[in-house]
There are 2 protein chains.
Amino acid sequence: MKNNEKSSKRIFHNTEECPIRNVVAQMGNKWSMLILFALVDGTDRFNSLKSRIVGISQRMLTQTLRDLEREGYVSRTVYPEVPVKVEYELTSMGRDLVKPLYQLVTWAETHHEDIKHCRKIYDEKANG
Amino acid sequence: MKNNEKSSKRIFHNTEECPIRNVVAQMGNKWSMLILFALVDGTDRFNSLKSRIVGISQRMLTQTLRDLEREGYVSRTVYPEVPVKVEYELTSMGRDLVKPLYQLVTWAETHHEDIKHCRKIYDEKANG
DNA sequence: CAGTATCCAGGATGATACTG
DNA sequence: CAGTATCATCCTGGATACTG
């Protein structure tokens with residue numbers, strides 16, 4: 001290949017349109033993946049999710065569920081009983097997204113110790 | 001399975017120790033994945049990266065490279081010439097991480113239009 | 001060339017109180 | 001039960017100027 005064929009490859013991010021960021025930035029926020037994984041085994045309700053996902057606030061659960069619903073990963077069903085019942089469930093696209101996500105989770109678990117080790121080395125070099 | 005076996009499954013995030021967040025939160029920030037992908041084809045230098053990764057500031061390139069180096073995904077080599085030359089390269093762990101990342105990128109590209117469509121529907125329902 | 005140092009704006013997240 | 005509304009705080013990222 002030509003001398004600088006590689007270095008000439010430019011990379012754009014385009015926050016609005018980039019398909020990568022559309023998915024990864026959403027998954028990168030604090031609660032998205034936890035909620036998706038909480039729904040893998042089936043439908044669940046708001047307060048049940050809230051107690052299962054340890055540490056999440058009502059505000060962030062609502063907001064992240066809305067985001068995930070807007071992206072098309074989660075569906076929301078309201079049963080007009082009294083008191084009202086709301087069920088959340090993965091859509092088919094949501095269930096599909098979980099597959100590559102699990103690949104990443106598996107990778108993360110496999111390399112967790114390596115990463116911690118690298119950080120330790122790096123920090124020791126910086127401080128020592 | 002028992003009645004509430006599913007709903008009893010609790011999910012923790014533990015920002016410090018959770019292997020998932022250790023990886024995904026880092027990849028979720030604005031420039032990490034772009035830098036990793038920019039280095040897939042081989043070694044590159046600071047200013048070359050800066051011009052190839054469109055829109056990145058000097059500050060964020062430095063900072064994100066340091067983060068990636070600390071995690072063990074990128075190596076940094078200084079050549080004590082004048083002026084100094086610094087080369088960045090993926091480590092073997094970095095090259096390995098790119099694989100599941102590509103799975104996710106492929107998924108994102110495949111579903112980009114679906115996601116945009118879902119958003120449109122959602123927003124129309126909210127506003128109309 | 002390859003950074004560092006400052007300052008600042010905006011978004012993400014959390015705490016708390018209130019509601020159909 | 002399943003939220004909404006408001007306020008405070010922290011973190012991310014961008015602009016700009018300076019340096020070995």
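Just so you know, these numbers come straight off a predicted model, no measurement behind them. A note on names: the letters A, B, ... follow the listed sequences, proteins ahead of strands, and every chain is numbered from 1.
- Under the 4.5 Å side-chain criterion, counting only non-hydrogen atoms from C-beta, B:Ser32 is not in contact with B:Asp67.
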Walk me through it: do B:Arg119 and A:Asn22 pass the test side chain to side chain donor-acceptor pair (under 3.5 Å)? CA-CA 11 Å; B:Arg119 287 180 188 164; A:Asn22 275 205; 3.2 Å; yes
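- The outermost nucleotides of DNA chain C lying under 4.0 Å from heavy atoms of chain B, listed 5' to 3', are C:dC1 to C:dT6.
- Among the protein residues, B:Tyr88 comes within range of the sugar-phosphate backbone only, with heavy atoms under 4.0 Å from sugar or phosphate atoms but none that close to a base.
- Salt-bridge formation is not detected for the pair A:Lys120/A:Asp123: no Lys NZ or Arg NE/NH1/NH2 atom is positioned less than 4.0 Å from an Asp or Glu carboxylate oxygen.
- In this structure, the side chains of B:Phe37 and B:Leu101 come closer than 4.5 Å at one or more pairs of heavy atoms.
- Of the residues in residues 56-74 of chain A, those lying under 4.0 Å from DNA chain D by heavy-atom distance are A:Gln58, A:Arg59, A:Thr62, A:Arg66.
- Ranked by how close their nearest DNA chain C nucleotide is to the 5' end, B:Phe46 and A:Val84 are led by B:Phe46.
- Side-chain contact between B:Val84 and B:Glu81 is absent, with no heavy atoms from C-beta onward closer than 4.5 Å.
- No contact: B:Lys50 has no heavy atom under 4.0 Å from any strand.
- The line from NE2 of B:His117 to CD of B:Glu113 is 10.5 Å long, rounded to the nearest 0.5 Å.
- B:Arg52 and A:Lys9 make their closest contact through NE-O, 2.8 Å (heavy atoms, listed as atom of the first residue, atom of the second, distance).
- Residues B:Met33 and B:Val105 are in side-chain contact: their nearest non-hydrogen atoms beyond the backbone lie under 4.5 Å apart.
- Under the 4.5 Å side-chain heavy-atom criterion for Ile, Leu, Val, Met, Phe, Trp and Tyr, A:Val98 and B:Tyr102 are members of the same hydrophobic cluster.
- Counting only Watson-Crick or G-U wobble pairs whose defining distances are both under 3.5 Å, the stems of 3 or more consecutive pairs in DNA chain D are C:1-20 with D:1-20.
- Put simply, the side chain of B:Trp107 reaches to within 4.5 Å of the side chain of A:Val23, judged on heavy atoms.
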